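Okay, so here's the structure we're looking at.
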Amino acid sequence: MATRYIYMNTFSKRGFIPWEEATIHVLSHVIHYASGVFEGIRGYRTDNGIAIFRGKDHYRRLINSAKIYRMFVDIDEEGFMEITKELIRKNDLQNVLDKVKAEGRMKNPFVYIRPVIFRGFISEEPDDPVIQPPLGVNPLKNPTEYFMAAFLWDDYLGEKAIKEGADVITSSWTRIAPNTVPAFAKGVANYANAQLAKMEAELTVVLTDYKDKIALKKASEKGELADVSNLRFPVESIQLNAEGYVSEGAGENIFVVKYEGKNVKIYTPPIYASILPGITRDSIITIARDLGYEVIETMIPREMLYVADEIFFTGTAAEVTPIRSVDGIPIGKGEPGEVTLRIREEYVGIATGKKEDRYGWLEYV
Ligand code: PMP
């Protein structure tokens, strides 16, 4: 078990439940029809204890995601934050985090908070064969339930991606289209699509030189190992929307940097490009504008990625992760760019309490 307690508010379980007992019924509607919404929230280790980054904004998005699916909970974002802090304290995550860090067992540990609101199941029914479990598509007969877990996580796309830049591909899986499932809601159903894109990246090895393909083919025909250079091992997919424009990563928003003479322009897809309106995205737009960069929300054609000077992902887990290649094509100099690093430094500085919290983004446990 990663932590001792999980908070549950379901028909049959309420309160801080021991890890092993934090279960739901197999006939819960969410398992069959993806009737759930969730959040990913980050708690940073700072000199003043664990700081939750924009927690209330995440819970507002969670409550709004639920509303889109006609799920209503008896709790607001302040109530969710109180439970979150209590969960972190009950699991002693401050000490656990310090210990793990001191022992060097994780590179860059942080507290990850995962609340889920979902359609469950009323399991305490009389013993009677004519009772029909509510397991049709209609979710309105099922109770709205929620839970929240908090545990340690490490760099999402790997330490190497942060230091050297991530290698990524453009997925063959189109991002969910408008008026199919709502991209705006952080629904678990969205991630049926996202995980196809993620697996595609994980199972792809990219060659950057055609010579290497010939060498690999010849060697494999002889049952030998080929001596090839410049293989790329993608860690993430970029998805295009139904019109073929850049949407976002499987779990991140995306930004494209162009140097235009002395000016720097930063582009990011707008909300109508079927993106999740990321809270990190919003933070980065604010920080970049304050640093004097022009940020433009606009549709981005795929080919604009290949000729960008810099590209980076943003997200709660990914923070600001530089991208050094897309589909095997080097971006800019093929290493993290200076604008990306400047923005990353500012973001991480604020989130870890090293720089002034001038936007009021931190809430200490
Ligand atoms: N897009 C998708 C599909 C995501 O899963 C995430 C991570 N929640 C993001 C964008 C980034 O959102 P945020 O900055 O709010 O974590």
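Bear in mind the structure is a predicted one, so any value in this text is a computation, not a measurement.
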Given the ring of F255, does K265 sit roughly above its face, with NZ or CZ under 6.0 Å from the centre of the six-membered ring and within 45° of the axis? no
K85 vs I52 side-chain heavy atoms within contact, under 4.5 Å: yes
Please determine whether side chain to side chain contact (heavy atoms under 4.5 Å, CB included) holds for the pair T204 and V206, giving the CA-CA distance in whole Å, both sets of side-chain angles, and the decisive distance to 0.1 Å. CA-CA 6 Å; T204 299; V206 178; 3.8 Å; yes
Would you tell me whether D76 and Y59 have side-chain atoms, one donor and one acceptor, within less than 3.5 Å of each other? no
Regarding Y259 and E338, do their side chains bring together a donor and an acceptor under 3.5 Å, going by distance alone? no
Can you tell me if CD1 on I271 sees more than 12 non-hydrogen neighbours from other groups inside 6.0 Å? no
Considering residues, nucleotides and ligands other than R70, do more than 12 of their heavy atoms fall under 6.0 Å from its CZ? no
Tell me if the centroids of the rings in Y191 and F38 come within less than 6.0 Å of each other. yes
Nearest heavy-atom neighbours spanning S274 and R175: O-NE, 2.7 Å
Please check if any side-chain donor atom of E319 sits under 3.5 Å from a side-chain acceptor atom of T280, or the reverse. no
Heavy atoms only: give me the nearest A351-L362 pair and the separation to one decimal. O-CD2, 3.7 Å
Looking only at heavy atoms, the pair that brings A250 and E236 closest together is CB-OE1, 3.4 Å
Take the angle between the ring planes of F151 and W153 and call it parallel below 30°, perpendicular above 60°, tilted in between. perpendicular
Y210 atom OH, neighbour heavy-atom count above 12 within 6.0 Å: no
Could you state whether M199 and V235 fall into the same hydrophobic cluster, counting links through intermediate Ile, Leu, Val, Met, Phe, Trp or Tyr residues with side-chain heavy atoms under 4.5 angstrom apart? no
I'd like to know if E297 pairs up with R281 as an ion pair, taking the criterion as any Lys NZ or Arg NE/NH1/NH2 lying under 4.0 Å from an Asp or Glu carboxylate oxygen. yes
Between N193 and Q239, is any side-chain donor less than 3.5 angstrom from a side-chain acceptor? yes
Would the number of heavy atoms belonging to other residues, nucleotides or ligands and lying under 6.0 Å from CD of Q132 be above 12? no
Indicate whether the side chain of K13 and that of T23 have a donor and an acceptor atom separated by less than 3.5 Å. yes
With heavy-atom distances below 4.5 Å as the criterion, would you say the side chains of S247 and L240 are in contact? no
Is it true that atom CZ of R105 has more than 12 heavy atoms of other residues, nucleotides or ligands lying nearer than 6.0 Å? no
Are R342 and E345 within salt-bridge range, i.e. N to O under 4.0 Å? no
Show, in sequence, the C-alpha distance, side-chain angles and deciding distance for I238 and E248, and conclude whether the side chain to side chain contact (heavy atoms under 4.5 Å, CB included) test is met. CA-CA 6 Å; I238 295 169; E248 60 179 349; over 6 Å; no
How close do P182 and N190 get, counting heavy atoms only, and between which atoms? O-ND2, 3.5 Å
Could you tell me if the side chain of Y5 sits less than 4.5 Å from the side chain of I17, heavy atoms only? no
Decide yes or no for V100 and L152: does some side-chain heavy atom of the first lie under 4.5 Å from some side-chain heavy atom of the second? yes
Salt-bridge test for D47 and K354: reply yes if a basic N is under 4.0 Å from a carboxylate O, no otherwise. no
Stepwise, does the side chain to side chain contact (heavy atoms under 4.5 Å, CB included) test hold for V256 with F312? CA-CA 7 Å; V256 172; F312 60 88; over 6 Å; no
Candidate list R60, R61, R54, test salt bridge (charged side-chain N to carboxylate O under 4.0 Å, His left out), partner D57, passing option: R54
Within 6.0 angstrom of L225 CG, more than 12 heavy atoms from elsewhere: no
Are the charged groups of K163 and D155 less than 4.0 angstrom apart, N to O? no
Charged N to carboxylate O below 4.0 Å: is that the case for R232 and D327? no
May I ask you to say whether E346 pairs ionically with R358, meaning some side-chain N is under 4.0 Å from a carboxylate O? yes
Would you indicate whether D128, at its atom CG, is surrounded by more than 12 heavy atoms from other residues, nucleotides or ligands within a distance under 6.0 Å? yes
Could you check N91, L93, V96 and say which one makes a side chain to side chain contact (heavy atoms under 4.5 Å, CB included) with R4? N91
Of all heavy-atom pairs linking Y359 and I350, the shortest is CE1-CD1, 3.8 Å
Side-chain contact, heavy-atom cut-off 4.5 Å: L97 with K101? no
If you measure only the distance, is there a donor-acceptor pair under 3.5 Å linking the side chains of N95 and D98? no
Quick one: does T340's side chain get under 4.5 Å of I343's, heavy atoms only? no
K56/E363 salt bridge by N-O under 4.0 Å criterion: yes
Test of understanding: clusters of I, L, V, M, F, W, Y form through side-chain heavy atoms closer than 4.5 Å, transitively. Do I331 and V257 belong to the same one? no
Looking at side-chain heavy atoms only, is the closest gap between I122 and P143 below 4.5 Å? yes
Assigning hydrophobic clusters by single linkage (Ile, Leu, Val, Met, Phe, Trp, Tyr; side-chain heavy-atom cutoff under 4.5 Å), is V326 placed with Y245? no
Group every Ile, Leu, Val, Met, Phe, Trp and Tyr by side-chain heavy-atom contacts under 4.5 Å, then state whether L207 and I329 land in the same group. no
Report yes if the distance between the aromatic ring centroids of Y156 and F313 is under 6.0 Å, otherwise no. no
Would Y272 and N241 count as having a side-chain donor-acceptor pair, cut-off 3.5 Å? no
N-O pairing of R324 and D167 below 4.0 Å: yes
Mind listing the closest non-hydrogen atom pair of A197 and W173 along with its distance? N-CD1, 4.1 Å
Hey, does the Lys NZ or Arg CZ of R42 hover above the aromatic six-ring of F110, less than 6.0 Å from the centre and inside 45° of the axis? yes
Side-chain heavy atoms under 4.5 angstrom apart, residues restricted to Ile, Leu, Val, Met, Phe, Trp, Tyr: same cluster for V246 and V320? no
Can you find a pair of side-chain heavy atoms, one from I24 and one from S28, that are under 4.5 Å apart? yes
